[in-house]
Asker: 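Got a structure here, written out as structure tokens. Questions coming.
Being a predicted model, the structure only gives us computed values, none of them experimental. Below, chains carry the letters A, B, ... as their sequence lines are ordered, and counting in each starts from 1.
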2 protein chains.
Amino acid sequence: MVTIVRIPNKGGSGTALKPGMLPGLLGYRLRLAQQALFRDFAATVAELSPGRVGILMLIEANPGVTQSRLAQAVSIERSTMVGVLHVLEGRGLVERRRGADRRTNGLWLTAGGRSLVARLKRRIQLHERRVAARLSAEEREQLLGLLEKLTGE
Amino acid sequence: MVTIVRIPNKGGSGTALKPGMLPGLLGYRLRLAQQALFRDFAATVAELSPGRVGILMLIEANPGVTQSRLAQAVSIERSTMVGVLHVLEGRGLVERRRGADRRTNGLWLTAGGRSLVARLKRRIQLHERRVAARLSAEEREQLLGLLEKLTGE
DNA sequence: TATTGTTATACTCTATAACTATA
DNA sequence: TATAGTTATAGAGTATAACAATA
């Protein structure tokens, strides 16, 4: 027996809105694309937001980095970083160690942090393949290149 | 007399961090590009965020649209839209009028809203030209097309 | 004096759940 | 029963200003 699921035109109260000038703006298209990717990322990597995953990856690639340098690298205030690291440390993913310059904290992944990052990396590759499925390999490279150029390297 | 302003290598505490796998991910590049564009947008359009400007433009292009339809169009909850419109109405930009179906509110720009949108449109075109200055006209079109394809129209 | 990490506080944008008035 | 708008509440994610320890 075959069950046919009919998806109702939910909220489809007639026609779509006229979009005005929005679709021609880079910022608008960028925002839509980012929202779409964010949804897929969240469905793939339930435990952490893209920004937090990025922070773990930066600590992994730069063991011993200080809080301020890391904050600067991801463009948030160092006061904001305090809370972020408090959460990541509380979840047993990151360790702070006092530096030779005793004003600083060096950051390292714990064993748990390293194994989580390893698992997430694999899932993020799946996510990447899925979102890029609408593009050819060349188009994906082209898009990465154009975004890099737009942002200024 | 000529004053030479020497810009200190602010926060340049040595070398940049190793970025790991991040630069090869579409989501990461998209986020960086969006952040860069957001900064430029905020410097150009000080009075409203990109999302709020988009809402004004959608009301302009769709006079009489209901709150729920508008919320759906910009992918926020209708409960969230209530507060957004409360602010825009408080600033004299938007007007709510009770619809024929008396459960609904139709939305219109006020005269002030229309003139603000007209001014912002001009400034947004300048912003668009500035951010796209790193790309050729063809590359800009290519980028818009790839983003549209990635997002799924 | 300058910098690092920290705290207290607040702002923006968003969601969920429950309510009301209408349909 | 179902929908549109509303309210109360909460949670991310962020910033600014002031402070102690250290350089």
Asker: Using a cut-off of under 3.5 Å, enumerate the N/O to N/O pairs linking the protein to nucleotides 18-21 of chain C.
Answerer:
none

Asker: Establish, with yes or no, whether the OP1 or OP2 oxygen of C:dC13 is under 4.0 angstrom from a side-chain nitrogen or oxygen of B:Arg52.
Answerer: yes
Asker: State whether A:Arg123 and A:Glu47 are salt-bridged, where the test is any N-O pair (Lys NZ or Arg NE/NH1/NH2 against Asp/Glu carboxylate O) under 4.0 Å.
Answerer: yes
Asker: Nearest whole angstrom, please: distance from the P of D:dA8 to the NE2 of B:His86.
Answerer: 11 Å
Asker: Please state whether the phosphate of D:dG5, meaning OP1 or OP2, lies under 4.0 angstrom from any side-chain nitrogen or oxygen of B:Arg69.
Answerer: no
Asker: Over how many whole Å does the gap from A:Glu89 atom CD to C:dG5 atom P extend?
Answerer: 13 Å
Asker: I'd like to know if B:Arg91 and B:Glu89 make a salt bridge, using a cut-off of under 4.0 Å between side-chain N and carboxylate O.
Answerer: no
Asker: Measure from CD on B:Gln72 to P on D:dG5 and round the result to the nearest Å.
Answerer: 12 Å
Asker: Applying salt bridge (charged side-chain N to carboxylate O under 4.0 Å, His left out) to A:Glu95 and A:Arg97, what does each step give before you reach the verdict?
Answerer: CA-CA 7 Å; A:Glu95 192 191 345; A:Arg97 288 186 220 152; 3.5 Å; yes
Asker: Thinking salt bridges, do A:Glu60 and A:Lys121 make one under a 4.0 Å N-O criterion?
Answerer: yes
Asker: Name the residue closer to the 5' end of DNA chain D, choosing between B:Gln67 and A:Phe38 according to the nucleotide with the nearest heavy atom.
Answerer: B:Gln67
Asker: By the 4.0 Å heavy-atom rule, please label B:Glu77 as base, sugar-phosphate, or nothing.
Answerer: base
Asker: Round to a whole Å and report the spacing from CG of A:Asn105 to C1' of D:dA21.
Answerer: 12 Å
Asker: So does B:Glu128 pair up with B:Arg130, basic N to acidic O under 4.0 Å?
Answerer: no
Asker: Name the residue closer to the 5' end of DNA chain C, choosing between A:Gly83 and A:Arg31 according to the nucleotide with the nearest heavy atom.
Answerer: A:Gly83
Asker: I need the CG-P distance between A:Leu70 and C:dT6, as an integer number of Å.
Answerer: 13 Å
Asker: Which listed nucleotide (D:dA4, C:dC13, C:dT6) is nearest to the side chain of B:Ser49?
Answerer: C:dC13
Asker: When all nucleic acid strands are considered with a 4.0 Å heavy-atom cut-off, which category describes A:Thr104: base, sugar-phosphate, or nothing?
Answerer: sugar-phosphate
Asker: Answer with base, sugar-phosphate or nothing: what part of the nucleic acid does A:Thr80 contact at a heavy-atom distance below 4.0 Å?
Answerer: base
Asker: Whole angstroms only, please: what is the CG-P distance between A:Leu88 and D:dG13?
Answerer: 10 Å
Asker: In whole angstrom, what separates B:Arg39's CZ from D:dA15's C1'?
Answerer: 15 Å
Asker: Would B:Leu144 end up clustered with B:Met57 when hydrophobic side chains under 4.5 Å apart are linked, directly or stepwise?
Answerer: no
Asker: Any side-chain N or O of A:Arg102 under 4.0 Å from OP1/OP2 of D:dA23?
Answerer: yes
Asker: Take atom CG of B:Asp101 and atom P of D:dA2, then tell me their distance rounded to the nearest Å.
Answerer: 17 Å
Asker: Using only heavy-atom distances, determine whether the side chains of B:Arg78 and B:Gln72 contain a donor-acceptor pair under 3.5 Å.
Answerer: no
